[in-house]
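As the structure is a prediction and not an experimental result, all values here were calculated from the model.
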Amino acid sequence: QVQLVESGGGLVQAGGSLRLSCEASGRTFSSYRMAWFRQAPGKEREFVAAINRNGGSTYYADSVKGRFTISLDNAKNTVYLQMNSLKPEDTAVYYCAAGPPMYDIKDKRNVGTWGQGTQVTVSS
């Protein structure tokens, strides 16, 4: 079983930056794929970014490509989401996610464990 704890959300002006962190624990963490999703009020939870554990291949939603960067520190069991050039439409609750390596974690149906979520608010 994997447990996830996020931190780093907050309020920022448009054009600003934030870095989210997700600390993971659990004996199967080392093999899991990791991702970030977000959910704005009244909208479906959507994929933001993902990273593979075995070489660090990364994947991004088109809406964040070039602005967000996902990274992984295996020594700290922590996944990061660096968010630059933030826009008001990035406002949402951001969730860390972990899933078994054999499934496509970009599909939220394949997420095995969710974090509690952290609020990101971008003011215009």
*Val111 side chain near Ile105 side chain, heavy-atom distance below 4.5 Å*: yes
So CD1 of Ile51 and CG of Leu81: to nearest 0.5 Å the spacing works out to 10.5 Å
Across all chains, not counting sequence neighbours, the ring-ring contact (aromatic ring centres under 6.0 Å, His included) partners of Phe47 are Phe37
Is any side-chain heavy atom of Tyr59 closer than 4.5 Å to one of Lys106? yes
Under a 4.5 Å cut-off applied to non-hydrogen side-chain atoms, are Leu20 and Trp36 in contact? yes
message = Would you say NZ of Lys65 has more than 12 non-hydrogen atoms from neighbouring residues, nucleotides or ligands within 6.0 angstrom?
response = yes
Review point. Does a sphere of radius 6.0 Å around CD in Glu23 hold more than 12 heavy atoms from other residues, nucleotides or ligands, not counting ones at 6.0 Å or beyond?
Key: no
Output for pair (Ile70 CD1, Asn52 CG), nearest 0.5 Å, gives 9.5 Å
So the side chain to side chain donor-acceptor pair (under 3.5 Å) pairs with at least one residue in residues 10-21 (sequence neighbours excluded) are Ser17-Asn84
Does some side-chain heavy atom of Val12 sit less than 4.5 Å from a side-chain heavy atom of Met83?
no
Distance-only donor-acceptor pairs under 3.5 Å for side chains of residues 90-103, two or more places apart:
| unit_1 | atom_1 | unit_2 | atom_2 | d |
| --- | --- | --- | --- | --- |
| Asp90 | OD1 | Arg38 | NH1 | 2.9 |
| Asp90 | OD1 | Arg67 | NH2 | 3.0 |
| Asp90 | OD2 | Arg67 | NH1 | 2.8 |
| Asp90 | OD2 | Arg67 | NH2 | 3.4 |
| Asp90 | OD2 | Lys87 | N | 2.8 |
| Thr91 | OG1 | Pro88 | O | 2.9 |
| Thr91 | OG1 | Val122 | N | 2.9 |
| Thr91 | OG1 | Val122 | O | 3.4 |
| Tyr94 | OH | Arg38 | NH1 | 3.0 |
| Tyr94 | OH | Asp90 | O | 2.6 |

Nearest heavy-atom contact between Lys108 and Arg45 is NZ-O, 3.2 Å
Quiz prompt | CD/Glu44: more than 12 non-hydrogen atoms of other groups inside 6.0 Å | solution = no
Rounded to the nearest 0.5 Å, the OG1 atom of Thr58 sits from the CE atom of Met34 at a distance of 14.5 Å
Here the pair of heavy atoms bringing Ser7 nearest to Thr118 is C-OG1, 4.5 Å
Rounded to the nearest 0.5 angstrom, the OH-CG distance for Tyr80 and Asp73 is 5.0 Å
Margin query: Is any side-chain heavy atom of Gln3 closer than 4.5 Å to one of Thr113?
Written below: no
Report the C-alpha separation of Trp114 and Glu6 in whole Å, then their side-chain angles, then the decisive distance to 0.1 Å, and conclude whether the side chain to side chain contact (heavy atoms under 4.5 Å, CB included) test is met. CA-CA 10 Å; Trp114 295 98; Glu6 301 113 331; over 6 Å; no
